[in-house]
Student: 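Just dropping this structure here.
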Number of protein chains: 2
Amino acid sequence: AELSADGDRVFLLEQRELPVVERYVTLTTPAEVAEGIRAMVVRGAPAIGIAAAYGMVLAARAARGEGAEGYLHALRRAGALLDASRPTAVNLSWAVRRALALAEQHAPRDGEQRFQEMAAFARALHRDDVAACRAMGRLGAAHLPDEGAILTHCNAGALATGGYGTALGVIRAAIEAGKRLRVLADETRPYLQGARLTAWELHKDGIPVEVLADSMAGWLMQRGEVKAIVVGADRIARNGDVANKIGTYAVACLARHHGIPFYVAAPWSTVDLATPDGTAIPIEERASDEVGLIAGKRMVPEGVRARHPAFDVTPASLITAIFTERGEATPGELARLAG
Amino acid sequence: AELSADGDRVFLLEQRELPVVERYVTLTTPAEVAEGIRAMVVRGAPAIGIAAAYGMVLAARAARGEGAEGYLHALRRAGALLDASRPTAVNLSWAVRRALALAEQHAPRDGEQRFQEMAAFARALHRDDVAACRAMGRLGAAHLPDEGAILTHCNAGALATGGYGTALGVIRAAIEAGKRLRVLADETRPYLQGARLTAWELHKDGIPVEVLADSMAGWLMQRGEVKAIVVGADRIARNGDVANKIGTYAVACLARHHGIPFYVAAPWSTVDLATPDGTAIPIEERASDEVGLIAGKRMVPEGVRARHPAFDVTPASLITAIFTERGEATPGELARLAG
């Protein structure tokens, strides 16, 4: 697994070193987990939610000797740290909120029991995420063509989730169902999740994949090479607007221009019914040097700023359908899946 | 100057090392000039045309002792080498064709005189290119707004031409005319001409510039930050279809989606009336590793191919106007400027 825990340690695959080096880092405090999320050792909305839940387990373990009040204080502090590590993906605050609800409920109990319960909660959240990916994968797979190239942006795969993946889960499920698909992976500047992560995990699984610079997607669509597009999401507003990795919006515009279906796959934990539409989603701005320096080499002259919005919002109107473990819907009808 | 010659040597700014290192390379044979063009030490359609003309001067100098037949043979061989160095920009074959026409005309004359005439031809071609940039700059400047951000893709500036620039010439002329403009430069993967070259030359000239990853352009358009788009061209077909750096087509689609004017600036030498439309323009495919390796670091896993079409074609229908030194026109009316 690319993300796991054994109670007093959290193990994260150091995603910043892929595809060249496959190295795990061991984290032992909620602060270390928060920093790992902020620095993007682990990324992807579902994965950072799971990592945060494991971070709360570390807090519960450290506070085993505390009384109810001290325990709650420690858990809330850990939750605040984790929640503040990145703003856009709602799965993070969703996981922290659920952990804190459990903490409030079991705070009066024995320290060891609290720890075991928090660990069981995190493991269940992790397991549920994989099950959700498989469920949305089955739904989405039916929409993909029998053969041809599917384009995706960023990494919404096993590395971005508890395993299997959201967008890549849809593609995996389609291939498991016998469809002859190949993947066109936008390299996804500046972090290059497509080149480094999507290509890495698909190639490992024997799924045909080619990488392209983000700027090439329009041209390949124009030439008829792209049959459908599937991406993940970091937050979905009530009206079906979707925040996802910067560049997703441009891909959606290009898909519309070329009449290509544009699908979003995400667990229900990514749906934020409290956010009415995309304008209310906070868009993280990251450091200019994450764009201006590549592999430590300066590509933008000193004194010139590089822009770095980390996400953008694709309006519901550009999205063909959204797949979740609760079912599939057009963006406008998504809220009805809330049940 | 970023590109110059003194008769027996051609000097090229080593553009692959910008913005960190400012170093000139000295070339003494047509084969070295051809390799410099192929390896993109110098790039940009007008600039590689001028470099090729200087390469022909080196050939004329080396063949001073030859009779008419030996001279023509040497010049034709040099022309073939230079012409084959890159396929898409038509300025290259245009410059070589003009040099060969001169060679045929003056082959019977004295070797030193031939050399001086070829040198005068190359200098005039260089001078004319700068004059053309200034002329199209004045025309285009009138179309830009009085203030706000202009987006450009790749580098169509002083570094891509004899000086001043085509797309950046339009922006320079507008600023010289008192408009308060700033530039948003697409970084332009994989070669990063926008980050490394456009930002470098504009910053040196005190023109406000910010760099963005190519995938951010759509989002900035959506937010109303982009007032107009100006790009250069590598070849313009008779019907007004424009081949330019890969990613230009996507920018044009996004401009159309957002109702933003999309302008092309290019010297008449870029117009290829013999090519009826964009489907007939040869699109250079470059090495996969130019996408997969950045600053020597592997970003795409071993065994996975990275696509690398170096250019794309923007259909005339997406272009608001084309500026040349002969005048401005909608793409559909371009051919009438042929006079």
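The structure displayed is predicted, hence computed values, not measured ones. Chain identifiers are assigned alphabetically (A, B, ...) following the order of the sequence lines, protein sequences preceding nucleic acid strands; residue numbering begins at 1 within each chain. For the numbers below, each heavy atom of this structure counts, side chains included, while hydrogens, waters and symmetry mates do not.
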Student: Could you tell me which portion of B:Val20 (side chain, backbone, both or neither) has an atom closer than 4.5 angstrom to a non-hydrogen atom of chain A?
Tutor: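 Side chain of B:Val20 only, per the 4.5 Å heavy-atom cut-off to chain A.
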Student: Under 4.5 Å from any heavy atom of chain B, what part of A:Leu220 do you find: side chain, backbone, both or neither?
Tutor: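 Looking at A:Leu220, just its side chain touches chain B.
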Student: Heavy atoms only, distances under 4.5 angstrom: which of A:Gly292, A:Gly218, A:Gly194 has the most pairs with chain B? Name it, please.
Tutor: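 Between A:Gly292, A:Gly218, A:Gly194, the count favours A:Gly218.
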Student: Which atoms of B:Leu202 come close to chain A, meaning under 4.5 Å heavy atom to heavy atom: side chain ones, backbone ones, both, or neither?
Tutor: neither
Student: Contact part of B:Glu225 toward chain A, heavy-atom cut-off under 4.5 Å: side chain, backbone, both or neither?
Tutor: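 When you check distances to chain A, only side chain atoms of B:Glu225 fall under 4.5 Å.
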Student: If we define contacts as heavy-atom pairs under 4.5 Å, which of A:Glu187, A:Lys297, A:Arg298 has the most with chain B?
Tutor: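 Ranked by heavy-atom pairs under 4.5 Å with chain B, first place is A:Glu187.
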Student: When rounded to the nearest 0.5 angstrom, what distance separates CG in A:Asp186 from CZ in B:Arg189?
Tutor: 12.0 Å
Student: Between B:Trp219 and A:Tyr249, which heavy-atom pair has the shortest distance, and what is it?
Tutor: N-CD2, 3.8 Å
Student: Please rank B:Gly303, B:Pro190, B:Ala185 by heavy-atom pairs under 4.5 Å with chain A and give me the top one.
Tutor: B:Gly303
Student: Chain B: which of A:Ala213, A:Ala295, A:Ser288, A:Pro315 shares the most heavy-atom pairs with it under 4.5 Å?
Tutor: A:Ala295
Student: Using non-hydrogen atoms and a 4.5 Å limit, figure out which bit of B:Leu293 sits close to chain A: side chain, backbone, both or neither.
Tutor: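 Neither part.
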Student: Heavy-atom cut-off 4.5 Å, strictly under: side chain, backbone, both or neither for A:Leu192 against chain B?
Tutor: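 The side chain, not the backbone.
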Student: In terms of heavy-atom proximity below 4.5 Å to chain A, should B:Leu18 be classed as side chain, backbone, both, or neither?
Tutor: neither
Student: How close do A:Glu210 and B:Val304 get, heavy atom to heavy atom, and via which atoms?
Tutor: CA-CG1, 4.4 Å
Student: Name the member of A:Ala252, A:Ala306, A:Pro19 that forms the most heavy-atom pairs with chain B at distances under 4.5 Å.
Tutor: A:Pro19
Student: Measuring only between side-chain heavy atoms, which start at C-beta, is A:Pro301 closer than 4.5 Å to B:Lys204?
Tutor: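 No, side chains not in contact.
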Student: Counting only heavy atoms closer than 4.5 Å, note whether A:Leu197 contacts chain B via side chain, backbone, both or neither.
Tutor: neither
Student: Report the C-alpha separation of A:Met216 and B:His308 in whole Å, then their side-chain angles, then the decisive distance to 0.1 Å, and conclude whether the side-chain contact (heavy atoms from CB on, under 4.5 Å) test is met.
Tutor: CA-CA 8 Å; A:Met216 296 169 188; B:His308 192 183; 4.0 Å; yes
Student: Applying side-chain contact (heavy atoms from CB on, under 4.5 Å) to B:Val211 and A:Met299, what does each step give before you reach the verdict?
Tutor: CA-CA 10 Å; B:Val211 171; A:Met299 299 297 186; over 6 Å; no
Student: Is B:Ile294 close to chain A through its backbone or its side chain, or both, or neither, when contacts mean heavy atoms under 4.5 Å?
Tutor: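 It is both, since atoms from each part get that close.
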Student: Report the C-alpha separation of B:His258 and A:Cys253 in whole Å, then their side-chain angles, then the decisive distance to 0.1 Å, and conclude whether the side-chain contact (heavy atoms from CB on, under 4.5 Å) test is met.
Tutor: CA-CA 10 Å; B:His258 295 91; A:Cys253 290; 4.2 Å; yes
Student: Quick check for you: among A:Arg305, A:Arg196, A:Glu302, which has the greatest number of heavy-atom pairs under 4.5 Å with chain B?
Tutor: A:Arg305
Student: Would you mind checking which part of B:Val313 comes under 4.5 Å of any heavy atom in chain A, side chain (CB onward), backbone (N, CA, C, O), both or neither?
Tutor: both
